[in-house]
Amino acid sequence: MFPETDAISNIMSDTVTVLFKRRLVDRVLRLWAEMARGGRFPCRDQIEPSMLGEDWANCLVIAVQSPVQLSYLVAVGENLSFAHCPNDSLAGILLSHLPQVLSERRCLMIEGRATLRGSGVLYRSALFPLSEDGVAIDRVLGAANHRVLRKNEELLAPLIRTKWL
């Protein structure tokens with residue numbers, strides 16, 4: 001009458017796998033985690049745009065400088081480009097969270113509401129530390145995407161939630 005425990009485990013495992021394939025942030029996290037074996041941060045050369053496929057359009061790479069305010073973008077996917085609206089982009093939102101990632105030395109997921117190009121949006125993004133020597137963070141990989149708010153959703157105020165990954 002009831003399925004075997006193994007069958008339920010398989011169903012749960014398959015469901016989690018499907019969910020991880022749906023979200024940009026989760027797909028990039030999975031790639032980052034595969035490269036971060038042994039407790040060391042992956043280096044920039046280990047994560048090529050070709051490995052991210054279509055997701056690269058929603059990714060960027062930040063060169064970390066000291067002080068952190070001097071950090072800058074070295075690669076920006078076309079969907080995150082400043083070219084469309086320099087003061088109003090997901091790349092800018094990701095840059096604003098860089099100090100947290102550097103101080104905690106962990107991956108950070110950021111979800112929230114914002115105004116992009118004059119429209120209210122919901123976004124999900126994440127920052128993933130990279131290191132040439134595996135220890136000192138010298139680059140950060142970012143991934144972000146969004147959707148326009150529906151008519152029944154309001155942008156009352158920017159909502160931001162963060163979660164350490």
Side-chain angles (χ1 to χ4, degrees), residues 15-36 41-44 46-65 67-131 137-165:
T15 302
V16 168
T17 300
V18 167
L19 288 175
F20 269 103
K21 289 180 181 177
R22 280 187 38 210
R23 292 188 173 158
L24 165 74
V25 167
D26 296 328
R27 290 189 303 268
V28 177
L29 174 61
R30 189 173 60 246
L31 175 64
W32 182 90
E34 286 173 9
M35 299 300 156
F41 295 126
C43 68
R44 167 64 181 95
Q46 286 180 282
I47 301 176
E48 290 294 319
S50 62
M51 297 168 84
L52 293 163
E54 292 179 10
D55 288 338
W56 178 249
N58 293 307
C59 292
L60 56 77
V61 177
I62 303 166
V64 175
Q65 301 294 302
V68 71
Q69 296 82 2
L70 297 177
S71 298
Y72 59 94
L73 300 171
V74 291
V76 182
E78 66 184 68
N79 294 341
L80 301 182
S81 174
F82 276 114
H84 300 289
C85 197
N87 298 320
D88 195 18
S89 71
L90 289 174
I93 291 170
L94 286 170
L95 276 170
S96 72
H97 290 280
L98 182 61
Q100 290 174 275
V101 172
L102 297 176
S103 67
E104 289 290 324
R105 301 181 52 78
R106 294 167 48 186
C107 300
L108 178 66
M109 182 171 67
I110 308 108
E111 298 176 318
R113 294 185 201 127
T115 302
L116 297 177
R117 301 179 194 124
S119 298
V121 300
L122 288 176
Y123 67 87
R124 179 177 285 121
S125 59
L127 293 168
F128 307 94
L130 302 173
S131 173
I137 300 171
D138 52 19
R139 298 276 191 272
V140 173
L141 173 65
N145 58 6
H146 71 281
R147 70 164 176 81
V148 176
L149 290 173
R150 297 180 183 106
K151 289 181 182 179
N152 64 343
E153 296 175 314
E154 294 183 41
L155 183 64
L156 299 175
L159 165 73
I160 298 175
R161 290 184 303 218
T162 58
K163 177 183 174 184
W164 295 108
L165 301 175

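All values derive from a computational prediction rather than experimental measurement. Each residue takes its place number in the sequence, starting with 1.
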**Message:** List the residues meeting side-chain hydrogen bond (donor to acceptor under 3.5 Å, both in side chains) with Q46, not counting sequence neighbours, and say none if there are none.
**Reply:** none
**Item:** Euclidean distance, L122 CG relative to L149 CG, rounded to 0.5 Å
**Value:** 4.5 Å
**Complete:** Residue pairs meeting salt bridge (charged side-chain N to carboxylate O under 4.0 Å, His left out), one or both in residues 50-61, sequence neighbours left out, come to R27-D55
**Asked** Are V28 and C59 side-chain neighbours, meaning at least one heavy-atom pair lies under 4.5 Å?
**Response** yes
**Complete:** When every non-hydrogen atom of P129 is compared with those of W32, the smallest separation belongs to O-NE1, 2.8 Å
**Asked** Would you call L90 and N58 a side-chain contact if the rule is heavy atoms closer than 4.5 Å?
**Response** no
**Asked** Rounded to the nearest 0.5 Å, how far apart are CH2 of W164 and CE of M109?
**Response** 12.0 Å
**Request:** With sequence neighbours excluded, tell me which residues meet side-chain contact (heavy atoms from CB on, under 4.5 Å) with Q69.
**Result:** P67
**Message:** S71: which residues meet the side-chain hydrogen bond (donor to acceptor under 3.5 Å, both in side chains) condition with it, sequence neighbours left out?
**Reply:** none
**Asked** Looking at side-chain heavy atoms only, is the closest gap between I62 and L127 below 4.5 Å?
**Response** yes
**Prompt:** In chain order, what residues pass the side-chain contact (heavy atoms from CB on, under 4.5 Å) check against E34, with sequence neighbours excluded?
**Reply:** R30, L31, R37
**Asked** Quick one: are V61 and F128 in side-chain contact, heavy atoms under 4.5 Å?
**Response** no
**Request:** Mind checking the CZ-CZ spacing from R113 to R161? Nearest 0.5 Å is all I need.
**Result:** 8.0 Å
**Complete:** Here the pair of heavy atoms bringing A114 nearest to I93 is CB-CD1, 4.0 Å
**Request:** Write down the atom of A126, the atom of L165, and the distance for their closest heavy-atom approach.
**Result:** CB-CD1, 4.4 Å
Which pairs of donor and acceptor atoms, one on a side chain in residues 141-148, lie under 3.5 Å apart (sequence neighbours left out)?
unit_1, atom_1, unit_2, atom_2, d
R147, NH1, E153, OE1, 2.9
R147, NH2, E153, OE1, 3.4
R147, NH2, E153, OE2, 2.9

**Fill in**
Taken in chain and number order and not counting sequence neighbours, the residues that satisfy salt bridge (charged side-chain N to carboxylate O under 4.0 Å, His left out) with R124 are E111
**Item:** Listed partners of P99 passing side-chain contact (heavy atoms from CB on, under 4.5 Å), at least two apart
**Value:** V68
**Asked** Taking only residues two or more places apart in sequence, or in another chain, which ones meet A63 in a side-chain contact (heavy atoms from CB on, under 4.5 Å)?
**Response** Q65, Y72, V74, R139
**Message:** Measuring from atom CG of L80 to atom CG of L73, what distance do you get when rounded to the nearest 0.5 angstrom?
**Reply:** 9.0 Å
**Prompt:** Of all heavy-atom pairs between A36 and P42, which one has the smallest distance, and what is that distance?
**Reply:** CB-CD, 3.7 Å
**Request:** Can you run down the side-chain hydrogen bond (donor to acceptor under 3.5 Å, both in side chains) pairs that involve residues 98-109, sequence neighbours left out, and say none if there aren't any?
**Result:** H97-Q100
**Request:** Give, for atom CG of L24 and atom OG of S125, the distance between the pair rounded to the nearest 0.5 Å.
**Result:** 9.5 Å
